[in-house]
Amino acid sequence: MELQLASFITAGILIVIGLYGTFFVDNVLKKIIALSALGNGVNLTLIAIGYTGGIVPIKAPEMEFALFSTLASYPLPQALVLTNIVIEASMLAIMLGLSIVFYKKYKTLKSSEILKED
């Protein structure tokens, strides 16, 4: 199996697991884990789109520019994924902090109990 196809299949599985956990699981921590899996699936999709089977997009001094431009992978998806990883890490920290606050206030992490009207 080709590496890019395997990456797309794995990304699809991660996205489906993330969507299922986000919409159908009642526990807040499990929803956070599912959102993390969803983000990792999106990151893997972006990397798989940018993969062309080429070399790392860093030009060596002895390499001709014409050869480098035909062999190098597309660097924009890599930059987007690095940015997305930083954003996901900060969002994960905020969501975990909110889950601690929810647990202290409601004594449970069930979203149906937390969202219940008083």
Assess whether side chain to side chain contact (heavy atoms under 4.5 Å, CB included) is satisfied between Phe8 and Ile49, documenting all intermediate values.
CA-CA 9 Å; Phe8 279 126; Ile49 287 171; 3.9 Å; yes
Step by step, work out the side chain to side chain contact (heavy atoms under 4.5 Å, CB included) result for Ile47 and Ser7.
CA-CA 9 Å; Ile47 290 294; Ser7 297; over 6 Å; no
Are Gln78 and Ser73 close enough, and set up right, to give a side chain to side chain contact (heavy atoms under 4.5 Å, CB included), and what steps lead you there?
CA-CA 9 Å; Gln78 297 171 13; Ser73 293; 4.3 Å; yes
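Within 6.0 Å of atom CE in Met63, more than 12 heavy atoms from other residues, nucleotides or ligands are found, so the atom counts as buried in its surroundings.
Ile114 approaches Phe102 most closely through the heavy-atom pair CD1-CB, 3.8 Å. Contact record, Ala66 with Ser69: O-OG, 2.9 Å, taken as the closest heavy-atom pair.
Interatomic distance, Leu71 CG to Leu67 CG, rounded to the nearest 0.5 Å: 4.5 Å. Atom CD1 of Ile85 is separated from atom CG of Leu80 by 11.0 Å, given to the nearest 0.5 angstrom. A distance of 9.0 Å separates OG1 in Thr10 from CG in Leu5, rounded to the nearest 0.5 Å.
Under the 4.5 Å side-chain heavy-atom criterion for grouping Ile, Leu, Val, Met, Phe, Trp and Tyr, Leu14 is not connected to Leu46 through any hydrophobic cluster. Hydrophobic clustering keeps Ile33 apart from Ile13 (ILVMFWY residues linked when any side-chain heavy atoms are closer than 4.5 Å, directly or through intermediates). Placement of Met95 and Phe24 within a single hydrophobic cluster is found when ILVMFWY residues are connected by side-chain heavy-atom separations under 4.5 Å, directly or transitively. Both Tyr106 and Tyr103 are assigned to one and the same hydrophobic cluster, defined by single-linkage of ILVMFWY side chains at heavy-atom distances under 4.5 Å. Clustering ILVMFWY residues whenever any of their side-chain heavy atoms sit less than 4.5 angstrom apart, transitively, puts Val101 in a cluster other than the one holding Leu109.
In this structure a side-chain-to-backbone donor-acceptor pair under 3.5 Å is missing from Ser111 to Val28. A distance-only check finds a donor-acceptor pair linking the side chain of Lys31 to the backbone of Val25 [under 3.5 Å]. Within the 3.5 Å criterion, the main-chain N or O of Asn43 finds no donor-acceptor partner in the side chain of Asn84.
Of the residues listed (Leu35, Asn40, Val42, Leu38), the one engaging Glu88 in a side chain to side chain contact (heavy atoms under 4.5 Å, CB included) is Asn40, and it is the only one.
Asn27 has its side chain out of reach of Lys110: every pair of non-hydrogen atoms, C-beta onward, lies at least 4.5 Å apart.
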